[in-house]
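See structure below.
In what follows, chains carry the letters A, B, and so on, assigned in the order in which the sequence lines appear, proteins first and then strands, with residues in each chain numbered from 1.
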Amino acid sequence: MYRLATRNVVVSFPRWCSLALLRRSPARSFGAFRPSLTLPYRSRRLEQICCFKNHKVLRASSKTTKKSKASNDALNDKDLSHLLWWKERLEMCRKPSTVQLVKRLTYSNLLGLDVNLKNGSLKEGTLNWEMLQFKSRFPREVLLCRVGDFYEAIGIDACILVEYAGLNPFGGLRSESIPRAGCPVINLRQTLDDLTRNGYSVCIVEEVQGPTQARTRKSRFISGHAHPGSPYVFGLVGVDHDLDFPEPMPVVGISRSASGYCINLVLETMKTYSSEDGLTEEAIVAKLRTCRCHHLFLHASLRNNSSGTCRWGEFGEGGLLWGECSARQFEWFEGNPVNDLLLKVKELYGLDDEVTFRNVTVSSENRPQPLTLGTATQIGAIPTDGIPCLLKVLLPSNCSGLPVLYIRDLLLNPPAYEIASAIQGEL
DNA sequence: GACAGCGTTTGTCTGT
DNA sequence: ACAGACAAGCGCTGTC
């Protein structure tokens with residue numbers, strides 16, 4: 001018995017390692033992304049890792065331990081950062097059924113599958129293994145895999161589906177199987193809307209249509225992605241049905257420069273980016289509050305305040321921006337505020353390094369400064385309790401959608417005088 | 001190896 | 001009118 005346990009300790013080390021590292025994650029952390037977990041750091045945690053008791057692993061047979069090892073071989077530092085990212089999101093799940101499902105996860109592979117549970121096999125050639133390959137290509141997207149008349153998700157993705165798409169777990173909560181959930185093909189649009197509305201990107205895997213040889217699985221391929229502000233199109237647009245394209249949601253990066261605060265907006269769908277520098281803290285908070293962003297990245301330069309404490313938000317400076325950001329999900333990034341943000345976007349959307357983004361920054365010469373938060377609030381350009389909404393007064397009651405956003409954007413970011421005159425002339 | 005059973009959602013059918 | 005069974009396609013599991 002002792003020999004078996006000892007053997008499990010050695011063989012299962014990678015799994016324990018990842019689990020122990022994940023357990024160090026604080027209960028509440030604003031920066032979802034952490035720099036790579038370095039090897040020296042791993043060494044320092046070795047003692048804790050070896051003392052970490054996982055009775056489930058100790059109970060496992062040598063056969064299942066072998067399965068665990070197989071699923072861990074490919075787990076690297078980057079995968080760990082992705083798993084940390086998912087773990088933080090899963091900790092926010094509140095539905096009782098989701099909470100129960102999350103307990104069945106192990107963070108030893110990108111899908112969070114416990115290979116010791118029923119249907120948890122990651123053996124090469126199985127559907128789970130194939131889904132893991134797809135997941136590793138887009139680790140921060142929810143993976144929906146077409147299986148017959150359903151789109152199915154397993155592990156972490158199934159938990160997200162249950163929490164945000166209102167689906168029921170496969171086999172209910174009594175099942176001793178891995179978390180699984182799915183929606184019928186006809187409900188894909190609704191499910192994608194639910195996920196993207198909650199800020200998640202989705203990777204959709206289709207199966208090749210047509211007959212297959214007996215006792216062989218269908219071939220599958222990634223047919224597309226759905227992002228917040230960028231709908232999934234493949235197979236959803238019919239001859240008699242128009243797809244409603246929402247306003248694109250940018251990835252936003254905020255940094256500090258010698259001339260003030262800087263905001264960089266990247267639109268993946270358009271492959272464009274724009275930068276605005278020299279903003280006051282109030283102006284950048286106003287921009288943040290009026291911009292629905294897909295992902296928010298904060299540059300390390302924000303942490304180096306003039307007090308020299310490296311504690312952002314302390315002693316007032318940056319406090320307003322900190323208050324705005326701390327209520328949101330964000331990640332820290334370092335390096336060049338533009339180039340490294342673009343790298344993050346490529347990583348996020350699974351784009352090749354060769355993909356280029358066009359700079360569409362509009363020159364701020366001869367252009368009025370954008371409204372500060374205080375002004376925008378007082379005139380009712382930003383919805384505020386007790387202050388009438390200016391846009392509702394200016395525009396007809398039946399006016400909604402893009403026109404409202406356009407006018408609001410004009411108010412918050414006044415164009416150059418000649419452009420403003422031209423717009424006035426047209427009206 | 002062959003085969004039955006199971007299962008996400010939802011519309012349809014059947015029985016009470 | 002209502003409740004329950006069933007089907008859809010696929011892959012996995014368990015049994016023989």
Side-chain angles (χ1 to χ4, degrees), chain A residues 56 60-61 63-64 66-68 70-71 90 93 95-106 109-135 141-198 200 202-223 226 232 234-236 238 240-241:
Chain A
K56 199 183 279 183
S61 67
K63 182 183 170 186
T64 53
K66 264 185 187 174
K67 284 201 290 183
S68 300
S71 69
L90 290 168
C93 294
K95 283 176 71 172
S97 51
T98 317
V99 173
Q100 290 300 314
L101 286 182
V102 169
K103 289 177 184 171
R104 287 192 223 152
L105 298 174
T106 61
N109 53 70
L110 283 172
L111 288 168
L113 295 189
D114 183 341
V115 296
N116 298 323
L117 289 178
K118 193 177 168 186
N119 291 107
S121 171
L122 282 170
K123 196 176 160 190
E124 190 170 342
T126 60
L127 182 58
N128 287 357
W129 174 82
E130 197 175 349
M131 288 171 79
L132 184 60
Q133 310 307 306
F134 289 127
K135 183 76 175 180
E141 296 185 11
V142 175
L143 187 77
L144 282 183
C145 184
R146 176 84 176 257
V147 182
D149 282 351
F150 290 83
Y151 286 95
E152 297 187 2
I154 55 174
I156 291 170
D157 300 328
C159 297
I160 297 294
L161 224 53
V162 170
E163 180 73 14
Y164 296 106
L167 300 179
N168 293 316
F170 206 97
L173 293 171
R174 284 170 297 175
S175 165
E176 294 186 356
S177 163
I178 56 165
R180 292 169 76 189
C183 70
V185 169
I186 201 166
N187 286 4
L188 178 63
R189 185 195 307 277
Q190 180 62 49
T191 303
L192 293 180
D193 286 348
D194 289 338
L195 292 174
T196 53
R197 198 184 311 118
N198 284 285
Y200 288 95
V202 188
C203 175
I204 299 105
V205 172
E206 289 285 346
E207 60 191 15
V208 175
Q209 297 301 312
T212 49
Q213 285 186 332
R215 287 191 294 279
T216 57
R217 280 195 302 103
K218 289 236 173 195
S219 298
R220 290 183 167 78
F221 63 98
I222 293 176
S223 62
Y232 173 70
F234 184 93
L236 280 185
D240 57 346
H241 185 89

Working to the nearest 0.5 Å, report the span between CG of A:D149 and SG of A:C183. 11.5 Å
Grab the NZ-C1' distance between A:K118 and B:dC6 for me, whole Å please. 8 Å
Which nucleotide sits closest to the side chain of A:E152: C:dG9, C:dT13, B:dT9? C:dG9
Between CD of A:E124 and P of C:dC12 the distance, given in whole Å, is 14 Å
Determine, step by step, whether A:K118 and A:E176 satisfy the salt bridge (charged side-chain N to carboxylate O under 4.0 Å, His left out) criterion, reporting the C-alpha distance in whole Å, the side-chain angles of both residues, the deciding distance to 0.1 Å, and the verdict. CA-CA 6 Å; A:K118 193 177 168 186; A:E176 294 186 356; over 6 Å; no
Against the side chain of A:L167, the closest entry in C:dC10, C:dT13, B:dT9 is B:dT9
Please give, in whole Å, the distance from B:dT8 C1' to A:Y164 OH? 20 Å
Rounded to whole angstrom, note down the P distance from C:dG9 over to B:dA2. 22 Å
Between atom CD in A:E176 and atom C1' in C:dC12, what is the gap in whole Å? 16 Å
Any side-chain heavy atom of A:L105 sitting closer than 4.5 Å to one from A:L111? no
Of the options B:dG7, C:dT13, B:dT9, whose atoms approach the side-chain atoms of A:N187 most closely? B:dT9
Under a 4.5 Å cut-off applied to non-hydrogen side-chain atoms, are A:R217 and A:L127 in contact? yes
What nucleic acid atoms does A:S177 come within less than 4.0 Å of, heavy atoms only: base, sugar-phosphate, or nothing? nothing
Should A:R220 be listed as having a side-chain N or O under 4.0 Å from OP1 or OP2 of C:dG11? yes
Is the shortest side-chain N/O distance from A:N168 to OP1 or OP2 of B:dT9 below 4.0 Å? yes
What is the distance, rounded to the nearest whole Å, between atom CG of A:L188 and atom P of B:dT10? 13 Å
Please give, in whole Å, the distance from C:dC10 P to A:L144 CG? 18 Å
Nearest-Å distance once atom P is located in both B:dC6 and C:dA5: 12 Å
At under 4.0 Å between heavy atoms, what does A:D149 touch on the DNA or RNA strands: base, sugar-phosphate, or nothing? base
Just to be sure I understand the rule, does A:G125 reach a base, reach only the sugar-phosphate, or reach nothing, if contact means heavy atoms closer than 4.0 Å? nothing
Taking B:dT9, C:dG9, C:dC12 as options, the one with an atom nearest any side-chain atom of A:E207 is C:dG9
Are the ring of A:F170 and the base ring of B:dT8 both nearer than 5.5 Å at their centres and tilted by less than 30°? no
Rounded distance in Å - CD1 (A:I178) to P (C:dG11): 15 Å
Considering only NZ, NE, NH1 and NH2 on the basic side and carboxylate oxygens on the acidic side, decide whether A:E163 and A:K95 come within less than 4.0 Å. no
From CG of A:D194 over to P of B:dT9, roughly how many Å is that when rounded to an integer? 13 Å
